[in-house]
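One structure is given below, encoded as structure tokens.
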Amino acid sequence: MNNREIQAAWKYHDGTKHTYWSIRNHPHLLDWANRPQSFKIYPKPEPLPLPRDVPQTGVTALSAISESAPSSRADSVPGLQDLARLLYFSAGITKQRTYPSGEIYFRAAACTGALYEIELYVVTGDLPGLDAGVYHFNPADVSLRLLRKDDFRGNVAQATAMEPAVAHAPTIIVCTGTYWRNAWKYQARTYRHFGWDNGTMLANMLAVAGASGLPAEVVLGFVDAEVNRLLDLNTRREVSLCLVPIGRTSERSLPEPKQAPALGLEVIPLSQREIEYPAMLEMHDASSLASVEEVAQWRGKPPVLPCPCLAGEPVRLPRLPEEEQSKDTIEQVILRRGSTRTFDKAAAITLAQVSVILDHATRGLPADFLRPPGGQLNDLYLIVHSVQGLKPGAYFFRREQNTLELLKEGNFRAEAHHLGLEQELPADACLDIFFLADLSGILERYGNRGYRAVQLEAGAIGGRIYLAAYAQHLGATGLTFFDDDVISFFSPHARDKSAIFLLAIGKPLKRKPQ
Ligand SMILES: Cc1cc2nc3c(=O)[nH]c(=O)nc-3n(C[C@H](O)[C@H](O)[C@H](O)COP(=O)(O)O)c2cc1C
């Protein structure tokens, strides 16, 4: 299947929509006895423990999520402490809770179902404190395991058609998705979750890289088979999703690509048995890039998407003076973050708080599919329940103008309850942010791989929204939704768009002591 044959992405998207009836007619019972392991475990390679007490950057979360480190000509090479900070605050264990079903190790970034299907690998040249090699990061023991010795950055650079950020990176983090670990609960919809859960992790990773003074960006243009081969992935089970080159070096001697023979390393099975969902393998295959030429053609300008006309009287979002904004550091906020389980329905937040969230989360993702920087594939639509200074109702966020346009006024808690898969969270929050995208225009421009891009961008902006909310001591949670009902609710404005992502924001309900 070819990336340009975009009926593949439509087939997957339409085939994995939630509807009122799909939930009722196809209830999915969880097989707890066959629950997958949360960690990828290579029993043979010796663990290389990463330093744990790494100094904090001291950079505020709000500036870390909205400003990247400048990619100046000067070299910026991460040391082992930087790498440890990046990996831990992207994928490390931050909390542990005991449930009747067993122990759950919660991680730095939000993830659907706390199933943690995204793995991180490091392809590096020699760094201060770490020899060149291909490593796997295991959050369970905060260690790296050496899979291949030697410098393989040339292989990755070649797979990206010599993308400059990769060709000049001292080290590259590769994010992969493991189907079964998430599909155990979410079945074929997991391919969407790959983008969301990788995205929330990227929000942390880019913020911590920036706070550490290291340039970083998301690279989605690469020959899939080359990167998968380098990591020796069994691609029926696990696939590379994106690359994040970290730092910059002016060194000209990027090594030539090397042979990367199969490793045959033992991996502990995730479950007694795994169920394969062909729709996801097809979607991945159809969105893969097969050659360096295809990668070079693929990268480039984002699509020019139609700009919706003015919908209603614009409400300008107030800019909170810098000195009044939260000073909590990125590390403090990541450690504090956790998805809100119950919102206080009686609470309200302020327009200034909403403004801080929208402004800091939507300043553009540094990504190879969004050049020149600043573009965005997802549009944000809001249902406002209780925000001081805003009438309750449905709004469109016009990012370039930093305004909200009222689409319809009213109390839509009941509608939000329905749209968010009949959960209480979107009804009890102060506001819900829906991500909608012009999927036709995006697929037209990027082919099926545009589907990966739009989901990944939504997850990354969603991850930034989480962090901006928690920086202000608010609560937030990602949510899933009834696709077509979301579009109907925001139509006619959203008529030709598709529902991509949903997040609710509010104040967590403080439980009274018993
Ligand atoms: C994209 C996304 C969708 C989510 N959807 C739901 C949902 O529909 N209902 C829910 O209760 N929690 C949802 N969550 C919250 C996850 O269950 C939560 O992130 C996970 O349990 C990890 O916990 P933590 O975020 O507190 O670290 C979602 C999270 C994400 C990132």
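Both ligands and their constituent atoms are indexed starting at 1 by order of listing. Residue numbers count from 1 along this sequence.
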task = Using modelled atom types only, decide if a donor and an acceptor are shared between the side chain of E457 and the backbone of V454 within a distance under 3.5 Å.
result = no

key: Passing option when L243 is tested against V218, V219, D368 for side-chain contact (heavy atoms from CB on, under 4.5 Å)   = V219

request  = Can you measure from OH (Y20) to CZ (F482) and round to the nearest 0.5 angstrom?
outcome  = 8.0 Å

query = Exactly which residues line ligand 1, taking a heavy atom under 4.0 Å from it as the test?
reply = F106, R107, A110, C111, T112, G113, A114, Y116, W196, D197, R337, G338, S339, R341, Q423, L425, Y466, T477, G478, L479, T480, F501

Under-4.0 Å salt bridge between D31 and R273 = yes

ask   = With the threshold set at 4.0 Å, does a side-chain nitrogen-carboxylate oxygen contact exist between E282 and K11?
value = yes

query = Does H493 have its ring centroid less than 6.0 Å away from the ring centroid of Y381?
reply = yes

